[in-house]
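So you know, we letter chains A, B, ... as the sequences are listed, proteins then strands, and number each from 1.
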2 protein chains.
Amino acid sequence: MNTTQSNGTRKACDLAARPPRERILLAARDLFYRHGLHTVGVDAIAEAALTNKMTLYRHFKSKDDLIVAYIQQLASEGDEVWERIFSENPGDPQKRLDAWVDFVEEVFSNKLERGCALANAAVELDSEHPAKALIESYKRRKRGQLEKLFKDARYHDPRLLADEVFLLFEGARINIQCGKRGPASRVVQMLRKLLASGRRRNRPEGNAKSERRNDTAL
Amino acid sequence: MNTTQSNGTRKACDLAARPPRERILLAARDLFYRHGLHTVGVDAIAEAALTNKMTLYRHFKSKDDLIVAYIQQLASEGDEVWERIFSENPGDPQKRLDAWVDFVEEVFSNKLERGCALANAAVELDSEHPAKALIESYKRRKRGQLEKLFKDARYHDPRLLADEVFLLFEGARINIQCGKRGPASRVVQMLRKLLASGRRRNRPEGNAKSERRNDTAL
DNA sequence: CGAGTATGTTACCGATCAGTACCTAAACGT
DNA sequence: ACGTTTAGGTACTGATCGGTAACATACTCG
């Protein structure tokens, strides 16, 4: 089949006429997520990347190194989502929260039958694996960003709320692997209900000007 | 170094003078939980069980068969915990719920640095693995039992409450692998707060002890 | 005792896997 | 044109792993 489509400089996303390192990371992302880190061999990744094992080892000095790159890729993309939500809703913490829930809803509406790739990787990785620390710091960062958002949006008890929302999200993604019609299918409703019931009413969010942190309600 | 202690018929729990199948299951339980299903080989299990690979294969026809037995063991023990909570609090759904939360608290106070063994196994297992269905049905059963308990204790919206409590518990156990001082360390407080705020007041169990006001779910 | 059974021990097979050596072919800038 | 870099391909090594064969030993129970 034709891999080099008509327009050469186009940023074709699903084509395989891209630099090999990118192809390898794409293949690793797909296979690692679907089948786990340990069950997927480097040969299978190289083959899925339309290349061979030697080229893989020219770009990654070991399989563990590839795993680290895989984790870094996922983490930075998650951070980019967060930054996009921030930049698209400037200065309005409440809108950012709502946009985040919309994002969660979109995540669950897409194929997610294997849950959170980072959490799954953490299950398979030893405590000493260098990727493990990346996952831990990512998860900690996300929870902290949630808490800060709740604080900025003047919610009651932002720490508790962030804990609850974060754990519900985590629990839903681990539990979706035990069936798509379980409690995970209703997590978005739960999140929306949590946000509604925890919202502060004496502080209307009409003017979007104060992205300051001096107004810490609690 | 004496493994056969003085009292022979004693039900010594940590000794290794037990039938080999039991030793193998104990070793598998420890190693599978600590290091995962794929990274632990049958040789390591046999060695930890103070026996050898042949004896292992006389009791389990394959490693997958041992994995199934490992999952069945965990599931039946979880069911026994639930039955014990029931029998120790006869006819009182609220007491049973409180006892369950106490059990959860005990779980988190003990060593749990690797989260839920069943959830971790589900991450590592393919969808076609026979143990996967066991895990799914176990998780579904636990959530259903929680919902029935909330219903019997006359809580508002037992389905939603069971979803929330279940996902919080699941999320806490997957997240504890990213650090013991994270939101998982506060999940018991969250559960107690959820139970307190969701309790129905117009239908007291023993007396008119109106607990909470209205619809603040969390 | 003796026969049958459960267990221990060693050695091995075949497959898979991470990682490498070596060579060839294309792309590239000068 | 040229040399350099990058990528593809093949074949290999060494280790590990799941699983088995064959034999030796211990235990149990009639």
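- Ion pairing of A:Lys132 with A:Asp126 is absent here, as no side-chain N (NZ or NE/NH1/NH2) approaches a carboxylate O to less than 4.0 Å.
- Remark: A:Arg23 is in phosphate contact with D:dG8, judged by side-chain N or O atoms under 4.0 Å from OP1 or OP2.
- Note: CG (A:Asp43) to C1' (D:dA11) measures 12 Å, nearest angstrom.
- In the set D:dG18, D:dT10, C:dA18, the nucleotide with an atom closest to the side chain of A:Asn52 is D:dT10.
- Side-chain contact annotation: A:Asp64 with A:His129, donor-acceptor N/O pair under 3.5 Å present.
- Between B:Leu31 atom CG and D:dC17 atom C1' the separation is 15 Å, expressed in whole Å.
- Among the candidates A:Leu161, A:Ile85, A:Leu97, A:Val165, the single residue satisfying the side chain to side chain contact (heavy atoms under 4.5 Å, CB included) test with A:Leu149 is A:Leu97.
- Contact between the side-chain N/O atoms of A:Arg18 and the OP1/OP2 oxygens of D:dA7 is not found at any separation under 4.0 Å.
- Among the atoms of the strands shown, none is found under 4.0 Å from any heavy atom of A:His38.
- Atom-to-atom, CG of A:Asp65 to P of C:dA18 comes out at 14 Å; the value is rounded to the nearest Å.
- Comparing B:Asp64 and B:Arg58 along DNA chain D, the residue whose closest nucleotide (by nearest heavy atom) sits nearer the 5' end is B:Asp64.
- Between C:dG8 and B:Thr55, a contact under 4.0 Å exists linking OP1 or OP2 to a side-chain N or O.
- Distance, B:Leu56 CG to D:dT20 C1': 13 Å, rounded to whole Å.
- Here A:His59 does not reach the OP1 or OP2 of D:dT6: none of its side-chain N or O atoms lies under 4.0 Å away.
- Taking the centre of each ring, A:Phe86 and A:Trp100 stay at or above the 6.0 Å mark.
- Note: NZ (A:Lys53) to P (D:dT6) measures 22 Å, nearest angstrom.
- Between the CG atom of B:Leu66 and the P atom of D:dG19 there is a distance of 10 Å, rounded to whole Å.
- Rounded to whole Å, atom C1' of D:dT10 lies 15 Å from atom CD of A:Glu47.
- In this structure, the OH atom of B:Tyr57 is 17 Å from the P atom of C:dT7, given to the nearest Å.
- Take A:Glu47 and apply the salt bridge (Lys or Arg N to Asp or Glu O under 4.0 Å) test, not counting sequence neighbours, and it matches no residue.
- Comparing A:Met54 and A:Val42, the nucleotide of DNA chain C nearest to each residue sits closer to the 5' end for A:Val42.
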